[in-house]
Undergrad: 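I am attaching a structure below and will ask some questions about it afterwards.
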Amino acid sequence: MQPLPTIEPVRAAIRGVAERFSVHRIYCVGRNYADHAKEMGASGREPPFFFLKPADAIFNVAEDQTADWPYPSLTQDLHHELELVVAIGQRGRDIAVNDARRFIWGYAMGLDMTRRDLQSVMKKESKPWCIGKGFDFSAPMGPITPIESVGELSSGSIQLDINGVARQRGDLSQMIWNVAEVIAHLSRAWELHPGDLIFTGTPAGVGPVVRGDVIRVTAAQLAGFSLRVV
């Protein structure tokens with residue numbers, strides 16, 4: 001019998017400490033800011049929808065550091081999507097909105113990087129668009145800040161710059177479905193587990209990046225980070 005393969009667990013960085021947050025699943029919310037929903041052809045407070053990325057799509061970036069991030073294969077139209085990430089700390093199913101806070105372990109800033117050309121082809125052919133969203137290193141994120149350090153976040157500015165020019169600006173208060181509502185909806189479809197990460201949607205301004213671009217992510221109370229696309 002051949003030796004069993006050794007698989008390293010996926011862990012996300014935690015702000016200010018050496019310990020790491022073990023990642024179970026990555027859930028993403030589509031079209032959760034009104035302006036972005038409109039730019040993608042939707043409108044109104046439509047029910048939230050979800051897709052997943054593999055856990056090992058995480059690409060950890062240290063706070064206020066610039067990391068080299070590899071441009072993915074197969075795409076000629078790579079897009080950035082700036083997102084608040086919610087880290088789940090308890091197991092739960094059918095969670096009530098008013099009870100959602102106790103399931104939040106912390107928050108981080110992240111990017112839902114998207115091979116837009118591949119996603120668009122899959123949409124037109126009514127096929128799953130995992131290839132556009134779930135590729136290697138497609139979920140860069142900064143360190144997680146525990147909720148006890150910042151409290152429950154329902155507002156606060158978030159911003160993404162490319163080469164020093166603002167591309168995405170938003171506020172967490174602009175979410176169509178707030179964090180508690182997202183957790184409630186999501187927990188009806190899947191039982192949430194410690195280690196789950198939820199990418200909560202992106203504000204307007206998504207657009208392309210190319211090799212050589214430097215992406216800078218900042219947020220009012222959370223760790224910022226930068227990527228150099230190589």
Side-chain angles (χ1 to χ4, degrees), residues 4-33 45-61 63 81 83-112 128 130 133-156 158 172-173 175-202 219 221-223:
L4 291 173
T6 301
I7 301 174
E8 290 293 324
V10 178
R11 295 188 175 96
I14 301 171
R15 194 177 193 180
V17 299
E19 288 83 6
R20 294 281 178 126
F21 183 88
S22 295
V23 179
H24 178 243
R25 292 174 181 163
I26 302 173
Y27 298 99
C28 302
V29 186
R31 299 176 190 164
N32 199 28
Y33 286 74
R45 198 169 193 252
E46 299 163 337
F49 70 92
F50 305 98
F51 59 92
L52 286 84
K53 291 176 181 273
D56 63 359
I58 291 296
F59 182 86
N60 287 295
V61 189
E63 182 173 7
E81 297 192 15
E83 314 222 356
L84 173 73
V85 182
V86 177
I88 297 298
Q90 294 190 49
R91 187 171 180 171
R93 182 191 296 276
D94 297 324
I95 299 166
V97 171
N98 292 339
D99 197 32
R101 184 192 189 283
R102 70 183 181 88
F103 292 86
I104 301 172
W105 193 89
Y107 305 94
M109 292 308 300
L111 295 172
D112 168 20
C130 308
K133 290 286 192 177
F135 54 92
D136 296 341
F137 311 127
S138 61
M141 61 182 285
I144 300 170
T145 300
I147 191 171
E148 57 262 28
S149 298
V150 291
E152 189 172 7
L153 297 183
S154 58
S155 64
I158 59 175
L172 302 181
S173 63
M175 287 185 188
I176 297 171
W177 300 94
N178 64 35
V179 169
E181 291 170 327
V182 166
I183 290 172
H185 278 282
L186 189 61
S187 70
R188 294 176 196 147
W190 292 274
E191 183 175 29
L192 298 183
H193 289 260
D196 286 342
L197 298 175
I198 305 171
F199 281 61
T200 58
T202 192
Q221 300 184 68
L222 302 175

Undergrad: Measuring from atom OH of Y33 to atom CE of M175, what distance do you get when rounded to the nearest 0.5 angstrom?
TA: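 These two atoms lie 3.5 Å from each other.
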Undergrad: Using the rule given for side-chain contact (heavy atoms from CB on, under 4.5 Å), can you reason through F59 versus V61, listing the C-alpha separation, both sets of side-chain angles and the distance that settles it, and then say yes or no?
TA: CA-CA 7 Å; F59 182 86; V61 189; 3.8 Å; yes
Undergrad: M141 and I58: which non-hydrogen atoms are nearest, and at how many Å?
TA: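 Where M141 meets I58 most closely, the heavy atoms are SD-CD1, 3.4 Å.
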Undergrad: With sequence neighbours excluded, tell me which residues meet salt bridge (charged side-chain N to carboxylate O under 4.0 Å, His left out) with R11.
TA: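 With sequence neighbours excluded, R11 shows a salt bridge (charged side-chain N to carboxylate O under 4.0 Å, His left out) to no residue whatsoever.
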Undergrad: Could you name each residue pair satisfying salt bridge (charged side-chain N to carboxylate O under 4.0 Å, His left out) that touches residues 88-102, not counting sequence neighbours?
TA: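 Qualifying pairs: R91-E191, R93-E191, D99-R102, R101-E152.
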Undergrad: Going by side chain to side chain donor-acceptor pair (under 3.5 Å), name the residues that satisfy it together with S173, two or more places apart in sequence or in a different chain.
TA: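 Checked S173 against side chain to side chain donor-acceptor pair (under 3.5 Å); matches are D171.
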Undergrad: Which heavy atom in S187 sits nearest to a heavy atom in G92, and how many Å separate them?
TA: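 Heavy atoms only, the tightest pair is CB-O, 4.3 Å.
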Undergrad: Sequence neighbours left out, what pairs pass side chain to side chain donor-acceptor pair (under 3.5 Å) with at least one residue falling in residues 142-151?
TA: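 Found R15-T145.
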Undergrad: side-chain contact (heavy atoms from CB on, under 4.5 Å) between W105 and I144: does it pass, once the steps are laid out?
TA: CA-CA 9 Å; W105 193 89; I144 300 170; 3.8 Å; yes
Undergrad: N60 and A13: which non-hydrogen atoms are nearest, and at how many Å?
TA: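 So the minimum-distance heavy-atom pair works out to OD1-N, 3.1 Å.
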Undergrad: Look only at the side chain of S138 and the backbone of K133, and say whether a donor-acceptor pair between them is shorter than 3.5 Å.
TA: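 Yes.
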Undergrad: Is the backbone of W177 close enough, under 3.5 Å, to the side chain of N32 for a donor and an acceptor to pair up by distance?
TA: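 Yes: the side chain of N32 pairs with the backbone of W177.
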Undergrad: Determine the minimum heavy-atom distance between P143 and A108, stating which atoms define it.
TA: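 Distance-wise, the nearest heavy atoms are O-CB, 3.6 Å.
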Undergrad: For M109 and V85, work out which heavy atoms get closest and say how close.
TA: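 In terms of heavy atoms, the two residues are closest at C-CG2, 4.1 Å.
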Undergrad: Nearest 0.5 Å please: distance from the CG atom of L84 over to the CZ atom of F199.
TA: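 Here the rounded value is 10.0 Å.
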Undergrad: If I compare all heavy atoms of I176 with all of E181, which pair ends up nearest, and what's the gap?
TA: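 Looking at all heavy atoms of both residues, the shortest contact is O-OE1, 4.1 Å.
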Undergrad: Heavy-atom distance under 4.5 Å between the side chains of I158 and L222, does that happen here?
TA: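 No, their side chains stay 4.5 Å or more apart.
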Undergrad: Among residues two or more places apart or on two chains, list those pairs meeting salt bridge (charged side-chain N to carboxylate O under 4.0 Å, His left out) that have a residue in residues 47-57.
TA: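 Sorted pair list: K53-D112.
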Undergrad: Could you give me the CA-CA distance, side-chain angles and deciding distance for I88 and I183, then say whether side-chain contact (heavy atoms from CB on, under 4.5 Å) is met?
TA: CA-CA 9 Å; I88 297 298; I183 290 172; 4.1 Å; yes
Undergrad: Take Q221 and Y107 through the side-chain contact (heavy atoms from CB on, under 4.5 Å) test and state the conclusion after the steps.
TA: CA-CA 10 Å; Q221 300 184 68; Y107 305 94; over 6 Å; no
Undergrad: Let me have the donor-acceptor pairs involving side chains of residues 21-29, under 3.5 Å, with sequence neighbours excluded, atom names and distances please.
TA:
unit_1, atom_1, unit_2, atom_2, d
H24, ND1, D196, OD1, 2.7
R25, NH1, Y27, OH, 2.9

Undergrad: Mind checking the CD1-CD1 spacing from I104 to I147? Nearest 0.5 Å is all I need.
TA: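 Between atom CD1 of I104 and atom CD1 of I147 there are 4.5 Å.
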